[in-house]
Amino acid sequence: MQVEVPGPAGVLEALLDETSVTPRAAVVFAHPLPSQGGTMHTKAVFQGAKGLARIGCAVLRFNFRGVGQSAGQSDEGLLRASDAPAGQGRGEMDDYRAALDWMAARYPGIPLWAAGFSFGGWVALETGAADPRVSVLIAIAPPVNRSGYSFPHTLESTKPKFLIQGDLDELCPLQDMWAFYAKLKEPKELVVIDGATHLFEGKTEEVGDALAGLLGDFE
């Protein structure tokens, strides 16, 4: 269902997948770079959210500031995926914290999980790792090799981390993901989807299946 989330730059447009029973987790799912066409409707975000909903999670997808009907303006310092200056994306991180606040208030006492795809994966990992309310970190093809993106909180975190990556990712090559994965503290899991590029074209349903498989039995 459509919902509105109060954000620091104004109302954020969002979609909430709810369960008919008490959810096992409340998940905030972030989308890729707005400047590259990323929205809460991006296929991998949609399928990832549906995969988590299938295993009993309540999942909130939202548009960052300046995207769709969300108020505000995108962080102009982070417009180029290949040249993202360090320290930018703070506005989107603030939006993500607002979404976490909204879900925590709607589902008190329910585990809070942070998830995202590409740029959104970076936002989710770093924001979620630093937020004591968040118990699980989920990222699909995060920009682990891109200039300007750093992961200090993620690398220090002992929270469970679940990662999805395509073996043909042209922006974030698989070998770079393996190098990043090796630096992460346990617990952690990585699923590689064969034949998948960065956008998982033709493979987005496998993203949802992989998340459901990874987290279906997680406690």
Side-chain angles (χ1 to χ4, degrees), residues 1-7 11-34 37-65 67-71 92-93 95-125 127-128 131 133-142 159-164 189 191 193 199-201 203-219:
M1 66 175 177
Q2 291 184 333
V3 297
E4 293 184 342
V5 175
V11 172
L12 299 172
E13 179 187 21
L15 290 170
L16 177 65
D17 287 313
E18 286 194 297
T19 63
S20 58
V21 296
T22 300
R24 57 179 303 193
V27 187
V28 175
F29 211 125
H31 66 72
L33 266 178
T39 76
M40 64 179 177
H41 302 294
T42 297
K43 291 179 182 179
V45 174
F46 172 82
Q47 292 292 349
K50 294 304 181 185
L52 292 170
R54 286 200 300 273
I55 60 172
C57 297
V59 187
L60 181 75
R61 291 178 281 144
F62 71 97
N63 279 331
F64 285 123
R65 57 184 61 194
V67 178
Q69 298 302 310
S70 289
E92 285 80 4
M93 285 188 169
D95 292 344
Y96 196 88
R97 291 186 192 97
L100 288 173
D101 292 344
W102 193 87
M103 286 294 270
R106 189 176 182 90
Y107 301 103
I110 300 298
L112 193 60
W113 296 358
F117 171 38
S118 192
F119 166 72
W122 170 65
V123 172
L125 287 175
T127 308
D131 192 320
R133 300 172 299 177
V134 173
S135 58
V136 169
L137 307 175
I138 303 165
I140 303 165
K159 297 176 182 181
K161 292 164 283 290
F162 298 92
L163 305 172
I164 308 290
E189 289 193 58
V191 169
I193 296 181
L199 292 179
F200 295 89
E201 290 292 348
K203 299 281 184 175
T204 55
E205 289 188 8
E206 293 184 39
V207 171
D209 292 342
L211 289 178
L214 276 173
L215 289 145
D217 295 325
F218 176 78
E219 295 182 0

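In what follows, residues are counted from 1 in the order of the sequence shown. Below, each value reflects all heavy atoms present in this structure, side chains not excepted, and no hydrogens, waters or symmetry copies.
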Could you tell me which non-hydrogen atom of A124 sits nearest to which non-hydrogen atom of G116, and how far apart they are? CB-N, 3.7 Å

Side chain N63, main chain T39, donor-acceptor under 3.5 Å: no

Determine whether a donor-acceptor pair (N or O, by modelled atom type, separation under 3.5 Å) exists between the side chain of R24 and the backbone of C57. no

Donor-acceptor pair, side chain of K159 and main chain of G128, under 3.5 angstrom: yes

Pairwise side-chain contact, K161 with I138, heavy-atom cut-off 4.5 Å (strictly under): no

For F62 and Y96, take the angle between the two ring planes, folded into 0 to 90°, and tell me which bin it lands in: parallel under 30, tilted 30 to 60, perpendicular over 60. tilted

Under-4.0 Å salt bridge between R97 and E92: no

Aromatic contact between F162 and F218, with the criterion being ring centroids under 6.0 Å apart: yes or no? yes

Quick check: do F64 and V123 have side-chain heavy atoms less than 4.5 Å from each other? yes

Between L215 and W113, is any pair of side-chain heavy atoms under 4.5 Å apart? yes

Could you note down all residue pairs passing salt bridge (Lys or Arg N to Asp or Glu O under 4.0 Å) where residues 44-60 supplies at least one of them, sequence neighbours left out? D17-K50, R54-D209

Tell me whether the centres of the aromatic rings in H41 and F46 are closer together than 6.0 Å. no

Heavy-atom check, side chain of L163 versus side chain of E189, under 4.5 Å: no

Candidates L12, V11, L60 - the one meeting side-chain contact (heavy atoms from CB on, under 4.5 Å) with V3: L60

Which atom of T42 lies closest to which atom of P32, heavy atoms considered: OG1-CD, 3.9 Å

Main chain of E13, side chain of S70: is a donor-acceptor contact present, judged purely on distance under 3.5 Å? yes

